[in-house]
Amino acid sequence: MAKEITSREENYSQWYNDIIKKAGLADNSAVRGCMVIKPYGFAIWENMKAELDRMFKETGHVNAYFPLFIPKSFLSKEADHVEGFAKECAVVTHHRLMNNPDGSGVVVDPSSKLEEELIVRPTSETIIWNTYKDWIKSYRDLPLLINQWANVVRWEMRTRPFLRTTEFLWQEGHTAHATKDEAIAESRLIHDVYAKFAEEYMAMPVIQGSKSENERFAGAVETYTIEALMQDGKALQAGTSHFLGQNFAKAFDVKFSNDKNTEEHVWATSWGVSTRLVGGLIMTHSDDEGLVLPPKLAPYQVVIVPIPKPLPELMETIDKFEQELKDAGIRVLVDRDEKKRPGFKFAEYEMKGIPIRFGIGPRDLEKGQIEVARRDTKEKSAVAMEGIIAHAKQLLEEIQNNLFERAKNFRSEHYSSAETFDEFKEILEKKGGFIEAHWDGTVETELKIKEQTKATIRCIPLDAKQEEGKCILTGAPSKQKVIFAKSY
RNA sequence: CGGGGCGUAGCGCAGCCCGGUUAGCGCACCUGGUUUGGGACCAGGGGGUCGGAGGUUCGAAUCCUCUCGCCCCGACCA
């Protein structure tokens, strides 16, 4: 029935908001632009986090934690960096409140004004590089491979739950290296980790590429990105990994002595993914009936609904399956609610995107079978109780694969090539999606295209074939196609 | 910051134009009963500063002024 969810066709943004609300992922908060991540939504993030953390550690990184506040002066040490973030910083100017003399509550105590304002971190390059200065003296201190899980604040004009909130959760890796090549290799390594995570865990296909100068991270020499395609034909930048060159080392005077006792500036990378991924996950798979979650990240992979309710004669069997599923490493939820009827529960768990539902009633008990429903295709089938655990395990894999294939198909259907600007505009208007096209390589052209079409260069794909062509806007020569799209 | 919309019970809304007893409906909630294989039904019940302030009036959810907040679309951005 999908009660209360706006259809995608009717209003895509409303649909997105409905899913978040009805599936219990997040709420708006008392603070404009900030959301409350509810337990079910946070569980998805925790699963993402656990997997990413494992991948980072597997590739030699360790976690640390740096302060929330950054002295204002730090931010301005790297010129491009401050320019990129200055307009969206929350600033702490005082540290104390006092009772309002007129009795109307509390006011800022003017005598508590800070000598130097503190910035709530929009990203931590500056405070971290200020710290690295003390940590790095010799080539023996390198590489330094550190990640932190943190919250950051960017005072954006327009926010959307998960996709862009004033405060968001993320991880930010900050590494230091002795050579340029090593730093580039590091940023590429993480770029690959992100792509692998997106595709294998989120079942969200991505295009890997580098950013144009205009879209590059403030302070970076090169930004690598993974770009995903949402169901409304808009692209989502899902993760970025930056090669920072020696920009921050120079700004914070971080030098090391090499094995020939010569001083050199350190080479750096930084990389991050955020709670935005949850938004990407929602928009990649979900449908008009609610959330659809890939099994690998679903808080619960199987839900068992006793039909018509948790009768004692059913629960013995159900408790046994619950334990067996747990033992098999499957996250399972048993609905022991006495009051709600099965139909209600079915709709509820579809809304919440649980990949597999087991329905078990007296009839099933008699026949030694279980009604197995999969969320991705909505198919239902009767499966013998014997071997059900193995069946569930295999079905979870199948669902994971199916979601990825489905998303890949959608992307192929929304991946076009344009030779002329008219063609480009027509595709954008008719179906959106990614459009590959020749571009003359200049910022001016990119900005003009953006102005006329709202589309930007999502990335210069790493695997693009080299071919002679003409820029769709200016006709100037181009050596390869780049990928355009409207984006979030 | 521009353009549009909206603030009435936890949620979704009606009532407002055209002022008039005790502010209403659906869902949710509580109690009891009957039900239960795709969002059950009956009966009873609880819950409201009508976003806030000021004004007009015998009387304001309703009219006027100011104000606060939220949502959508855009500019900005992960």
Side-chain angles (χ1 to χ4, degrees), chain A residues 1-6 10-18 21-22 24 27-34 83-89 122-123 151-172 194 211 214-218 220 223 225-228 235-242 270-280 289-290 305-311 314 337-351 357-367 369-371 373 378 380 382 450-451 454 456 458 486-488:
Chain A
M1 282 266 303
K3 212 159 76 175
E4 296 160 3
I5 294 185
T6 307
E10 190 187 333
N11 183 342
Y12 192 83
S13 327
Q14 194 55 50
W15 166 80
Y16 177 76
N17 288 339
D18 284 352
K21 202 77 196 268
K22 311 290 181 199
D27 270 342
N28 285 324
S29 76
V31 183
R32 180 213 282 274
C34 295
E83 200 191 317
F85 288 105
K87 286 173 290 182
E88 50 191 52
C89 288
T123 179
N151 57 340
V152 289
V153 166
R154 295 184 189 173
W155 214 270
E156 304 285 359
M157 290 177 178
R158 173 127 187 262
T159 59
R160 292 157 83 72
F162 290 109
L163 293 176
R164 184 174 303 105
T165 45
T166 301
E167 178 192 15
F168 57 95
L169 305 182
W170 76 344
Q171 58 70 217
E172 46 179 328
Y194 285 165
K211 284 292 187 187
N214 183 50
E215 295 277 327
R216 201 176 286 153
F217 175 75
T223 288
T225 179
I226 55 171
E227 297 285 325
L236 183 76
Q237 177 174 310
T240 46
S241 177
H242 317 290
S270 71
W271 28 274
V273 294
S274 72
T275 35
R276 165 177 267 200
L277 289 180
V278 177
E289 273 73 49
V305 179
I307 298 168
K309 64 178 188 177
L311 305 165
L314 289 174
D337 189 304
E338 301 267 347
K339 292 282 166 72
K340 297 201 170 62
R341 306 174 79 206
F344 181 90
K345 293 178 179 180
F346 296 165
E348 189 70 15
Y349 295 121
E350 273 157 20
M351 183 91 85
R357 185 184 71 234
F358 283 1
I360 305 179
R363 251 154 44 191
D364 303 290
L365 223 50
E366 221 168 89
K367 293 184 193 159
Q369 64 183 32
I370 288 175
E371 182 190 82
K378 308 287 267 320
K380 283 196 282 196
K450 182 181 178 183
E451 206 175 295
K454 306 264 163 67
T456 51
R458 298 326 302 155
K486 287 187 194 169
S487 76
Y488 275 98

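Chain identifiers are assigned alphabetically (A, B, ...) following the order of the sequence lines, protein sequences preceding nucleic acid strands; residue numbering begins at 1 within each chain.
How far OG1 of Thr240(A) is from CH2 of Trp271(A): 11.5 Å, rounded to the nearest 0.5 Å. The CZ atom of Arg363(A) sits 9.0 Å away from atom CD of Gln369(A), with the distance rounded to the nearest 0.5 Å.
Taking atom C1' in both A60(B) and G15(B), one finds a spacing of 14 Å when rounded to whole Å. Comparing the same atom, C1', in A53(B) and in G69(B) gives a spacing of 15 Å after rounding to whole Å. Nucleotides C42(B) and C25(B) place their P atoms 15 Å apart, quoted to the nearest Å. Going from the C1' atom of A78(B) to that of G5(B) covers 28 Å, rounded to whole Å. G24(B) and A9(B) have their P atoms separated by 13 Å, given to the nearest Å. Comparing G7(B) with A14(B), their P atoms sit 7 Å apart, to the nearest whole Å. To the nearest whole angstrom, the two C1' atoms, one in C66(B) and one in U22(B), are 32 Å apart. The gap from the P atom of U65(B) to that of C27(B) amounts to 38 Å, rounded to the nearest Å.
Between G37(B), A75(B), A78(B), one nucleotide has an atom nearer to the side chain of Met157(A) than all others, and that is A75(B). Which of A78(B), G74(B), G37(B) sits closest to the side chain of Lys454(A) comes down to G74(B). The Phe344(A) side chain lies nearest to G39(B) when the options are A78(B), U36(B), G39(B). Considering only side-chain atoms of Lys450(A), the nucleotide from G37(B), C76(B), A75(B) that sits closest is C76(B). If you check U36(B), C76(B), A78(B) against the side chain of Pro308(A), the one that comes closest is U36(B). Side-chain atoms of Arg357(A) lie closest to G38(B) of the nucleotides G38(B), A78(B), G39(B).
When atom types are taken as modelled, the side chain of Lys211(A) and the backbone of Arg458(A) share a donor-acceptor pair closer than 3.5 angstrom. Checking side-chain atoms of Tyr194(A) against main-chain N and O of Thr225(A) turns up no donor-acceptor pair under 3.5 Å. Side-chain atoms of Glu156(A) do not come within 3.5 Å of backbone N or O of Thr165(A) as any donor-acceptor pair. Not a single donor-acceptor pair under 3.5 Å links the side chain of Lys367(A) to the backbone N or O of Ala382(A). Remark: side-chain polar atoms of Arg154(A) are not paired, donor with acceptor, to backbone N or O of Thr166(A) under 3.5 angstrom.
Using a 4.0 Å heavy-atom distance criterion, Ser13(A) is classed as a sugar-phosphate-only contact. Arg160(A) comes within 4.0 angstrom of sugar-phosphate atoms only, judged by non-hydrogen atoms across all strands, and of no base. Looking at heavy-atom distances under 4.0 Å, Leu236(A) makes no contact with the nucleic acid at all. As judged by a 4.0 angstrom heavy-atom cut-off over every strand, Glu156(A) is placed among the base-contacting residues. Within 4.0 Å (heavy atoms only), Ser487(A) reaches no atom of the nucleic acid at all. As judged by a 4.0 angstrom heavy-atom cut-off over every strand, Phe168(A) is placed among the base-contacting residues.
Where Ala373(A) and Glu215(A) meet RNA chain B, the nucleotide closest to each residue was compared, and Ala373(A) sits on the side nearer the 5' end. For the pair Gly359(A) and Gly84(A), nearest-nucleotide mapping onto RNA chain B gives the more 5' position to Gly359(A).
Remark: P of C71(B) and CD of Gln14(A) are 11 Å apart, rounded to the nearest angstrom. Protein atom CH2 of Trp155(A) is 16 Å distant from nucleotide atom C1' of C1(B), rounded to whole Å. When rounded to the nearest whole Å, the span between NZ of Lys339(A) and P of A40(B) equals 15 Å. Distance NZ (Lys21(A)) to P (G12(B)): 6 Å, rounded to an integer number of Å. Asp364(A) has its CG atom 12 Å from the P atom of G38(B), to the nearest Å. Atom CG in Asp27(A) sits about 11 Å away from atom C1' in C11(B), given to the nearest Å. For the pair Gln237(A) CD and C76(B) C1', the computed distance is 14 Å after rounding to whole Å. The distance from atom CG of Asp18(A) to atom C1' of C27(B) is 16 Å, rounded to the nearest whole Å.
With hydrogens and angles ignored, no donor-acceptor pair closer than 3.5 Å exists between the side chain of Lys380(A) and the base of G37(B). Applying the 3.5 Å distance criterion, the base of G38(B) shares no donor-acceptor pair with the side chain of Glu348(A).
By the 30° and 60° cut-offs, the orientation of the rings of His242(A) relative to Phe217(A) is parallel. Note: Trp170(A) and Phe168(A) have perpendicular aromatic rings, judged against thresholds of 30 and 60 degrees for the angle between ring planes.
Salt bridge present: Glu289(A) and Lys378(A) bring a charged side-chain N and a carboxylate O closer than 4.0 Å.
Between Asn28(A) and C71(B) there is a side-chain N or O to OP1 or OP2 distance below 4.0 Å. Within the structure, a side-chain polar atom (N or O) of Asn17(A) is placed less than 4.0 Å from OP1 or OP2 of C72(B). Phosphate contact (OP1/OP2 of G37(B), side-chain N/O of Arg341(A), threshold under 4.0 Å): present.
Stem regions for RNA chain B, each three or more consecutive Watson-Crick or G-U pairs with both distances under 3.5 Å and listed by first number, read B:1-7 with B:68-74, B:10-13 with B:24-27, B:29-34 with B:40-45, B:51-55 with B:63-67.
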